[in-house]
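To start, the structure itself, in structure tokens.
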Amino acid sequence: MSFISRALRRFKLVADPLNTRRLVGEDLEGNLYYEVFAQGAGPNARAKRVVEPLKSVDHSDYEDTLPVQWRAWLTRRRPDPPTKEELLAEVRRRHILEARVKALEEKYAEERVRRLEAEKREMESPQLAAATVAPPTAKSPATPAPASGLDPFPSGGSEAFRPGEWTPGGPARGS
């Protein structure tokens with residue numbers, strides 16, 4: 001924005017003869033925010049809150065580009081306009097968040113590549129993959145065989161399956 005256009009824009013603030021519009025603030029992109037009072041309204045009249053965009057754009061798309069703090073002020077969810085420090089803190093927070101997201105995406109991409117390579121190696125040589133399985137340790141004990149002598153993980157076709165008897169192990173209800 002040139003010096004002349006900025007000066008003209010500021011002059012419009014002073015040149016309002018009825019003083020119906022008051023500049024409240026400016027965001028980091030250069031948009032101006034006003035409170036507009038109705039002509040002849042009393043001192044307790046509620047002012048409209050409006051934004052004068054720096055660039056002429058479609059208003060339906062423009063609202064999403066305004067800072068959250070200013071949108072809250074425009075819709076009266078916030079009584080006081082945001083300060084420059086608040087807006088700058090939000091920008092810093094966003095940069096930190098974007099950097100963290102980028103680091104996580106890179107980490108997940110590397111992990112995915114490693115998984116795909118491991119699956120590919122397993123598909124190429126299943127005997128090697130079975131040999132690399134670690135034996136159970138003290139932290140992860142092997143599943144003990146049930147006392148009844150039945151295999152806890154039966155194998156075979158569906159024709160050989162016979163459902164077993166099941167009884168709940170807890171106390172009876174109501175006792």
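Here K84 contributes atom NZ and D27 contributes atom CG; the two are 7.0 Å apart, rounded to the nearest 0.5 Å. One finds the OH atom of Y34 at 12.0 Å from the CZ atom of R22 (value rounded to the nearest 0.5 Å). To the nearest 0.5 Å, atom CD of residue E117 and atom CD of residue E122 are 14.0 Å apart.
With a 4.5 Å cut-off on side-chain heavy atoms, I96 and R100 count as touching. Put simply, the side chain of E35 does not reach to within 4.5 Å of the side chain of K48, judged on heavy atoms. The shortest distance between side-chain heavy atoms of L74 and L66 falls below 4.5 Å.
Counting all heavy atoms, side chain and backbone alike, W70 lies closest to E26 at CZ2-N, 3.9 Å. Across all their heavy atoms, R49 and P79 have their closest contact at NH2-O, 3.4 Å. Between N31 and L54 the shortest heavy-atom distance is OD1-N, 2.8 Å. A pairwise comparison of heavy atoms in P81 and E86 identifies O-OE2, 4.5 Å as the closest pair.
In the hydrophobic cluster analysis, where Ile, Leu, Val, Met, Phe, Trp and Tyr join through side-chain heavy atoms closer than 4.5 angstrom, V51 is grouped apart from V68. If you chain together hydrophobic residues whose side chains sit under 4.5 Å apart, V24 and L28 fall into the same group.
Between E98 and K102 there is no salt bridge, since none of the side-chain N atoms of the basic residue sits less than 4.0 Å from a carboxylate O of the acidic one. A salt bridge links E52 with R21; the closest basic N to acidic carboxylate O contact falls under 4.0 Å.
Using the six-membered ring where Trp is involved, Y33 and W73 have ring planes that are perpendicular, over 60° apart on the 30 and 60° scheme.
Evaluated for a side chain to side chain donor-acceptor pair (under 3.5 Å) with T75, the options R78, R71, R77 yield exactly one hit, R77. Evaluated for a side chain to side chain contact (heavy atoms under 4.5 Å, CB included) with L97, the options R94, H95, R93 yield exactly one hit, R93.
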